[in-house]
Every structure is written in structure tokens, then in C-alpha cells.
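Shown next, in C-alpha cells, is the structure this report addresses.
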Amino acid sequence: MSTGFFIAIEGGEGAGKSTHSKRLAAHLESRGYEVLVTREPGGTPTAEKIRGILLDPEITDLPDRAEALLFAASRADHAANKIRPALARGAVVICDRYIDSSVAYQGAARGLGVDYVRQLSEWATEQLLPDFTIYLDVPTETGGERMEGTDRMEIQSRDFHGRVHQAFRDIAAASQRPHVVIDATAPKEDVAALVATTIDAVIPPR
Ligand code: TYD
């Protein structure tokens with residue numbers, strides 16, 4: 001039985017997920033929670049190695065299915081070796097990207113099928129699903145301007161990132177699980193405050 005609380009932060013490129021993950025962690029720590037901030041792909045030594053393959057811009061012939069399986073493999077290791085143990089000891093886990101990223105990027109934007117890709121990740125994690133998901137919504141243009149790197153995923157076409165953006169909107173709209181969509185084009189302080197008050201309202205008291 002896990003006693004912790006699992007928060008996923010999702011969205012396209014340049015939405016500010018890592019900034020807001022850290023801001024939320026600081027907020028919850030000040031309230032006395034033990035918090036683990038982690039990210040995908042990666043989060044464990046093995047999953048970080050898989051991340052190296054996934055983001056290597058010199059790999060130009062990775063089949064879409066291999067990409068989807070590597071994201072799922074990274075997630076399987078991360079869920080089993082880092083997220084579950086943290087939840088078991090009662091920590092709040094904040095994960096910068098999780099299953100919905102695979103559904104948006106591989107399922108929708110790559111066209112592999114959203115249901116199929118979701119099932120793959122649910123199988124990989126033995127159904128470890130977030131207790132709450134925050135979708136940071138930014139238009140593709142804004143996200144593109146904020147994009148910093150030139151990794152294998154970032155250098156995909158504008159069209160691809162447009163499909164990712166629409167997919168996150170569709171995923172959030174269809175979700176039956178606890179979530180919120182936050183307009184991440186608002187000033188950073190406002191977004192951080194909204195994220196904090198949203199989580200304060202749903203997290204179990206300690
Ligand atoms: P990262 O540098 O962490 O991106 P960001 O700062 O935008 O979160 O790189 C992760 C990239 O991998 C990003 O382009 C999104 C993509 N991705 C997938 O395609 N599928 C997935 O399941 C995950 C977790 C990430």
C-alpha cells in the first residue's frame with residue numbers, strides 16, 4: 001500500500017515543467033512534506049542511460065516503435081526502482097513528464113495509437129498511475145521560443161510539436177482522473193501560485 005502522493009506535470013516543450021516542479025517541491029517542503037522531484041525519460045541510473053539514446057540527435061534511424069518501447073522501458077525502471085519506493089515511504093513524488101507524454105508524443109504525434117501506447121506504459125509500470133496530473137498548456141509557438149536544446153525530440157518538425165500540443169489538450173479533456181489544465185503563458189509567479197493552491201486542495205494532510 002502506498003501512502004505517498006504522486007503528481008505528474010505534463011505539457012509540450014517550453015511549458016516550464018521543470019521550473020514548476022521545483023517551485024512546487026519547495027512549497028510542499030515548507031509545509032513539512034518529504035518531496036522527491038524526478039523526471040522522464042530518466043530518473044534512475046539505468047533510465048538515464050536510456051534517455052541518452054532517446055535524446056541523441058545523431059541517432060536518425062530509430063524506428064517509432066523502438067522509441068516507444070525505450071520510453072516505456074525507462075519508465076518501467078523508474079517506476080519500480082524510484083517512484084514506488086518513495087511513495088511507499090510516504091513521500092510526495094513530483095514527476096516532470098510521465099505516461100501522458102508517451103501517449104501525446106508516441107501515441108498521437110508519431111501515430112502509434114493512443115490506446116495502445118497507454119496500455120504499454122500501464123503494463124510497464126504495473127498500473128502505477130499519478131494521483132493528480134497538472135497539464136501546463138502553452139501554444140506551440142510560445143513553447144518553441146522557449147525551447148533551449150537541440151535534442152532528438154526537440155528537432156522534430158513544428159507540425160509534430162503542434163500535434164503534441166493538441167494531443168495534450170485532448171488527453172486532458174478526456175481524462176477521468178484528477179487533473180487540472182493551467183495556462184502556462186501567464187506570468188511565472190501566477191502559474192506557480194495556481195499550481196501550489198491546486199495541490200494544497202487535493203493533497204492529503206500530513
Ligand atoms: P526533456 O529535455 O526532458 O524535455 P522537456 O524539457 O521538454 O521536458 O526531453 C524529453 C523529451 O522526450 C521531450 O521532447 C519529450 C519527449 N518524451 C516523449 O516523446 N515521450 C515520453 O514518454 C517522454 C517522457 C518524453
Side-chain angles (χ1 to χ4, degrees), residues 6-24 37-44 46-60 62-79 82-83 93-125 128-130 133-168 170-171 182 184 188 191:
F6 182 16
I7 300 166
I9 304 203
E10 296 279 11
E13 313 288 328
K17 292 179 300 301
S18 64
T19 304
H20 290 295
S21 299
K22 287 182 213 134
R23 295 282 299 256
L24 176 61
V37 179
T38 188
R39 65 151 183 203
E40 292 204 348
T44 61
T46 302
E48 290 289 331
K49 287 190 180 177
I50 299 173
R51 176 186 175 92
I53 298 171
L54 282 164
L55 300 188
D56 183 348
E58 288 182 8
I59 299 179
T60 53
L62 188 67
D64 292 348
R65 286 166 191 241
E67 177 183 292
L69 289 164
L70 286 170
F71 276 111
S74 151
R75 181 164 299 130
D77 189 65
H78 188 213
K82 191 166 182 188
I83 302 177
V93 175
I94 301 173
C95 193
D96 177 349
R97 297 192 179 281
Y98 194 59
I99 293 177
D100 286 343
S101 281
S102 284
V103 177
Y105 284 78
Q106 283 67 53
R110 292 285 193 221
L112 293 175
V114 293
D115 293 337
Y116 201 71
V117 167
R118 183 177 295 286
Q119 279 166 25
L120 177 66
S121 269
E122 291 188 1
W123 177 81
T125 62
L128 179 63
L129 304 182
T133 301
I134 296 168
Y135 297 98
L136 295 180
D137 186 52
V138 279
T140 315
E141 295 70 43
T142 318
E145 283 161 19
R146 293 183 189 169
M147 234 188 260
E148 283 162 7
T150 51
D151 71 46
R152 203 181 60 83
M153 299 307 294
E154 285 173 333
I155 60 179
Q156 300 299 317
S157 67
R158 176 174 282 261
D159 247 33
F160 178 85
H161 288 290
R163 291 198 295 277
V164 168
H165 178 237
Q166 187 55 48
F168 274 120
D170 295 344
I171 290 166
I182 292 180
K188 202 188 277 181
V191 175

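FYI, the numbering just counts along the sequence from 1. No hydrogens, no waters, no symmetry mates; every other heavy atom, side chains included, goes into these values. First listed ligand is number 1; within each ligand, the first listed atom is number 1.
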Return a table of donor-acceptor pairs under 3.5 angstrom between the side chains of residues 46-60 and protein atoms on other chains or two or more places apart.
{"unit_1": "E48", "atom_1": "OE1", "unit_2": "R39", "atom_2": "NH2", "d": "2.7"}
{"unit_1": "E48", "atom_1": "OE2", "unit_2": "R39", "atom_2": "NE", "d": "3.3"}
{"unit_1": "E48", "atom_1": "OE2", "unit_2": "R39", "atom_2": "NH2", "d": "3.4"}
{"unit_1": "E48", "atom_1": "OE2", "unit_2": "G43", "atom_2": "N", "d": "2.8"}
{"unit_1": "R51", "atom_1": "NH1", "unit_2": "P41", "atom_2": "O", "d": "2.9"}
{"unit_1": "D56", "atom_1": "OD1", "unit_2": "E58", "atom_2": "N", "d": "2.8"}

Legend entry - Per-ligand residue contacts, ligand 1, heavy-atom threshold under 4.0 Å: E13, K17, E40, P41, R51, L55, F71, R75, R97, S101, S102, Y105, Q106, D151, M153
Inset, instruction - Apply side chain to side chain contact (heavy atoms under 4.5 Å, CB included) to the pair V37 and D96, showing each step before the final yes or no. - result: CA-CA 8 Å; V37 179; D96 177 349; 5.8 Å; no
Legend entry - Distance-minimising heavy-atom pair for V164 and A109: CG2-CB, 3.6 Å
Inset, instruction - Any salt bridge (charged side-chain N to carboxylate O under 4.0 Å, His left out) involving residues 100-124? Give me the pairs, sequence neighbours left out, ordered by first then second residue. - result: D64-R110, E67-R110, D100-R118
Legend entry - Pair Y105 + F71: ring centers closer than 6.0 Å: no
Legend entry - Non-neighbouring partners of E10 that pass salt bridge (Lys or Arg N to Asp or Glu O under 4.0 Å), sequence neighbours left out: none
